[in-house]
Amino acid sequence: MLSFHESADAAVEGISDGATILIGGFGTAGQPIELIDALRRNGAKDLTIVNNNAGNGDTGLAALLGAGQVRKMICSFPRQSDSHVFDALYRAGKIELELVPQGNLAERIRAAGAGIGGFFTPTGYGTPLAEGKETREIDGRGYVFERPIHGDFALIKALKADRMGNLVYRKTARNFGPIMAAAAATSVVQVADVVPTGAIDPESVVTPGIFVNRVVAISPTSMLPGDGQ
Amino acid sequence: MLSFHESADAAVEGISDGATILIGGFGTAGQPIELIDALRRNGAKDLTIVNNNAGNGDTGLAALLGAGQVRKMICSFPRQSDSHVFDALYRAGKIELELVPQGNLAERIRAAGAGIGGFFTPTGYGTPLAEGKETREIDGRGYVFERPIHGDFALIKALKADRMGNLVYRKTARNFGPIMAAAAATSVVQVADVVPTGAIDPESVVTPGIFVNRVVAISPTSMLPGDGQ
Amino acid sequence: MDTSRKLTRDEMARLVAADIAPGSFVNLGIGQPTTVANYLPEGSGIVLHTENGMLGMGPEAHGDEVDPDLINAGKVPVTELPGASYFHHADSFGMMRGGHLDVCVLGAFQVSVDGDLANWHTGAPDAIPAVGGAMDLATGAKAVFVMMNLQDRAGNAKLVRSCTYPLTGVRCVSRVYTEYAVFSLAGGTVTVEQTFGMEVADLQDLLGFDLIDGTAHSSAVAASSV
Amino acid sequence: MDTSRKLTRDEMARLVAADIAPGSFVNLGIGQPTTVANYLPEGSGIVLHTENGMLGMGPEAHGDEVDPDLINAGKVPVTELPGASYFHHADSFGMMRGGHLDVCVLGAFQVSVDGDLANWHTGAPDAIPAVGGAMDLATGAKAVFVMMNLQDRAGNAKLVRSCTYPLTGVRCVSRVYTEYAVFSLAGGTVTVEQTFGMEVADLQDLLGFDLIDGTAHSSAVAASSV
């Protein structure tokens, strides 16, 4: 069921210890920072977080990591120039890392939403990231077997939602949003605007409302970078 | 490389005997009838045709079947009230049929475009359509292994193309177009209009030009049903 | 609803419609299930999916509304409701197979006590097989409701211990709506929820396997939910 | 280009750019490969892909153009060209893995004579591993070009018989551009296409394996293609 919420805190209610959370964004583009901050205030621990990266600077995902709420990161690119929070936790042995090639990460999330039990991908074949995994030669090419990544919750950011939960995104901030919304039991979306039903062209809907459970409008002025929440 | 053609006949040049052709459309919605007619005139034989259905009435795909150019149909729903051309060929043992559940058909085509070597689907598990196929239990559920369906050519219909080959579709005529464009070595698209680059909103492009090889504009008046080509 | 006589097809459709929760995403199969749409309550927020790439499907199109680019899975021209969306076939079937549809309603040749569904092929050797999206719907929807007559034209029961027709899906059906009764299926047990023109004992004789009588309970639930 | 001295980084980028056919779809890796964009000829119709969900990427954004929702794979603000399109991550990587990109240009720690690529992990035990989209690009693009210095800082050759660093992809690299030479790789054979400030014999001494001298042929081809 679809619901609209007054605050990010209300939108993330019910996330409990041990949950797997898919978090949208590639770097800060599409990062649902207010929802992540609300998850930090919510206090759920022992989380598994799926995100392309492992936090930038000291805000958003980095702050959630810093608060000690995350047991495990599943991501493709944890190490960045400003990923010092993750780096310190990792070196101290305080966080688990499952490193996944970015395309396999995306395809595994997509598989979860689409009901695929697993698939063979050429990405990673013959590399250390395929170690211990089932492999198969298909038509002369090597493939690795990969499994879907389901989320208990997804936290994503879109540009607009209508009252049916249909979403559109903005430029490269779209990234993981559509596939994460479909892969989570409960998807939570922060949008700049909620518009009336019918205000989004049916041909241009990117995420149909069927994949959306909770929506909260966060005014875009507070979504500018450097807002420091 | 992308090219624009003056006629459907020019757009289907080079399709040779034995080719696998993905043909868009669900019933007549999205059926690229002028391209199919051109393929009939082209005369290539021994074709494998992938389409959801196996022709309606006596035009389009049915006419291609009637011309004896098709060795094998891969489809989900051949039997329809007006599929008499296919029915007669099938009963006479003159055409091969690979029957694929519609979702597996779509996912297999999508897999071809996305470089997936194969995948496990729950659809068809425990049914005659899974006979002889690899099965696997994953998390307590039965799955069937399915392989990608690649095309040598795809013939599809879209609403508009820009000069970069970006496509948008119209309503439920979208159906198989986007996944077939990506799954074929050469995709051939008939559109109602070619518009200048920049005339399609980058957020609303459904098939990016990277998946489009040949475009031909067919005036929409000749695309009305009952035109009898 | 009058339980002293068997249901008409429209009454069956009304019963199914009443069992679909507000706000559900629903796929109605080709044929009789399509008529359920006529009984979905106004303002229920129920959204119809058609597997050929649309959510927010409206009623059948007539006259000037007819658009060859806007059809349902049965290839019948339909209309678009506000808040609709279009998507390609792989996305549409991912939606089904990924468990996002709350309910699908299908016709059937046979349903077994275990919830196995047979609705795509009679097994006749000269038949041209056609499956369409039936297997994806049976496998993917959270709840699969079947609407069918209790017996075929030859008088054979269609709710059976074990299907003799080729299967569409395994252990997928949870409810069966017939002209004589509504059945719930769970873990190999069949519960009669409501009867129309037949007693539970008569149904048991007809079907030849044990039935749980849930009619008292169901009426109570129905009454309390009004 | 002056072959009597080694190339600058910009000259390397120019060489790579010249080897990309008009109308190609191209992904330029983070770092040095990004500079290839500066040398793509006007009107070439070459379309740049960025794996975070865009085709038709324009140059780096400056000043008022900077938009936090429009970045490249290196998280640098970029611009949008006419005819651009946006798509989600699974579609973007399907595009890569499905073999739709004509060329990708990557940096490398090591490339082997078989075309194996190592560019994501030095294997140092205390390093935090990060792979990003490198493996998908290496596996998916029709042609993988590598831009790198011929030697690492310690003077070890980076074009090697067999990679000692963890692999990114197997038998995927077809061309290697260095400051001293351009190499073609095919079937375990390394051909020197052009040299800059070194003779083929010197390169062979440095690398320690057999090289085919293709420089005469390549110059002829280059001349005839002008």
Side-chain angles (χ1 to χ4, degrees), chain A residues 24 26-31 52-54 56 75-81 83 86-87 90-91 97 99-111 113-114 121-130 141-142 159 169-180 206-207 223-226, chain D residues 30 50-54 57 66-80 84-99 114 116-121 123 126-140 163 165-172:
Chain A
F26 180 89
T28 54
Q31 184 176 220
N52 187 60
N53 302 108
N56 302 77
C75 68
S76 89
F77 210 81
R79 187 197 60 213
Q80 298 171 90
S81 58
S83 61
F86 173 83
D87 296 1
Y90 183 80
R91 291 193 199 283
L97 169 65
L99 188 72
V100 182
Q102 197 173 157
N104 288 353
L105 186 68
E107 187 70 14
R108 290 175 65 186
I109 295 166
R110 189 259 172 199
T121 168
T123 301
Y125 181 80
T127 79
L129 295 188
R141 191 166 192 201
L159 177 65
Y169 300 81
R170 192 162 174 280
K171 300 188 185 279
T172 59
R174 183 184 303 195
N175 56 68
F176 286 91
I179 52 176
M180 287 182 167
V206 176
T207 295
M223 289 160 84
L224 291 176
Chain D
I30 298 174
T50 180
E51 62 227 52
N52 50 318
M54 181 187 196
M57 179 175 68
V66 170
D67 178 339
D69 286 343
L70 181 49
I71 60 175
N72 67 13
K75 286 152 191 140
V76 174
V78 291
T79 52
E80 173 190 298
S85 55
Y86 297 101
F87 29 82
H88 64 57
H89 246 77
D91 280 350
S92 184
F93 280 79
M95 205 174 276
M96 292 155 74
R97 226 180 8 237
D114 288 321
D116 293 352
L117 171 67
N119 78 347
W120 71 283
H121 195 318
D126 66 333
I128 297 177
V131 64
M135 289 185 178
D136 299 279
L137 281 168
T139 312
C163 294
Y165 287 158
L167 292 190
T168 305
V170 177
R171 291 168 198 247
C172 53

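Every chain is numbered from 1, with letters handed out A, B, ... down the list of sequences. Scope of the values below: all heavy atoms of this structure, side chains included, with no hydrogens, waters or symmetry mates. Just so we're clear, the structure is a prediction, and the values are computed from it rather than from any experiment.
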Pairwise distance OG(D/Ser92) to CZ(A/Arg174) - rounded to 0.5 angstrom |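 So the gap between those two atoms works out to 11.0 Å.
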Side chain, backbone, both or neither: which part of D/Ser85 has an atom under 4.5 Å from a heavy atom of chain A?
-> neither
Contact class of D/Asp67 relative to chain A, heavy atoms under 4.5 angstrom =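 Contact with chain A involves the side chain of D/Asp67 alone.
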Any heavy-atom pair between the side chains of [Y] and [X] that's under 4.5 Å?
{"X": "D/Phe93", "Y": "A/Glu107", "answer": "no"}
{"X": "D/Arg97", "Y": "A/Asn104", "answer": "yes"}
{"X": "A/Leu97", "Y": "D/Pro129", "answer": "yes"}
{"X": "A/Val206", "Y": "D/Tyr86", "answer": "no"}
{"X": "A/Tyr125", "Y": "D/Met135", "answer": "no"}

Does A/Thr172 use its side chain to pair, donor to acceptor, with the backbone of D/Gly53 at less than 3.5 Å?
-> no
Main-chain N/O of D/Asp126 paired with A/Arg91 side-chain donor or acceptor, under 3.5 Å | yes
Tell me yes or no: between the side chains of A/Asn53 and D/Lys75, is some donor less than 3.5 Å from an acceptor?
-> yes
Mind running side chain to side chain contact (heavy atoms under 4.5 Å, CB included) on A/Phe26 and D/Thr50 for me, showing each step along the way?
-> CA-CA 12 Å; A/Phe26 180 89; D/Thr50 180; over 6 Å; no
So which of [options] has the largest heavy-atom pair count under 4.5 angstrom toward chain D?
{"options": "A/Ser76, A/Gly177, A/Ser83, A/Ala106", "result": "A/Ser76"}
{"options": "A/Gly124, A/Gly103, A/Gly126", "result": "A/Gly103"}
{"options": "A/Asn56, A/Leu99, A/Ile179", "result": "A/Leu99"}

For the residue pair [X] and [Y], what are the closest heavy atoms and their distance?
{"X": "A/Lys171", "Y": "D/Asp69", "value": "CB-O, 3.2 Å"}
{"X": "D/Gly132", "Y": "A/Phe77", "value": "N-CD1, 3.3 Å"}
{"X": "A/Ala29", "Y": "D/Ile71", "value": "CB-CD1, 3.7 Å"}
{"X": "D/Thr139", "Y": "A/Pro122", "value": "CG2-CB, 3.4 Å"}
{"X": "D/Ile128", "Y": "A/Pro78", "value": "CG2-CG, 4.2 Å"}
{"X": "D/Asn52", "Y": "A/Asn175", "value": "O-CB, 4.2 Å"}

Residue among D/Ala90, D/Gly140, D/Pro166 with most heavy-atom pairs under 4.5 Å to chain A | D/Ala90
Highest number of heavy-atom pairs under 4.5 Å with chain A among D/Leu137, D/Leu167, D/Asp136, D/Val170 belongs to D/Asp136
What part of A/Tyr169 lies closer than 4.5 angstrom to a heavy atom of chain D: side chain, backbone, both or neither?
->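 It is neither, since no heavy atom gets under 4.5 Å.
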Heavy-atom contact with chain D under 4.5 Å, split by part of A/Arg79 |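 Both backbone and side chain.
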Check the angle between the aromatic planes of A/Phe176 and D/His89 and answer parallel, tilted or perpendicular using the 30° and 60° thresholds.
->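 Correct class here is parallel.
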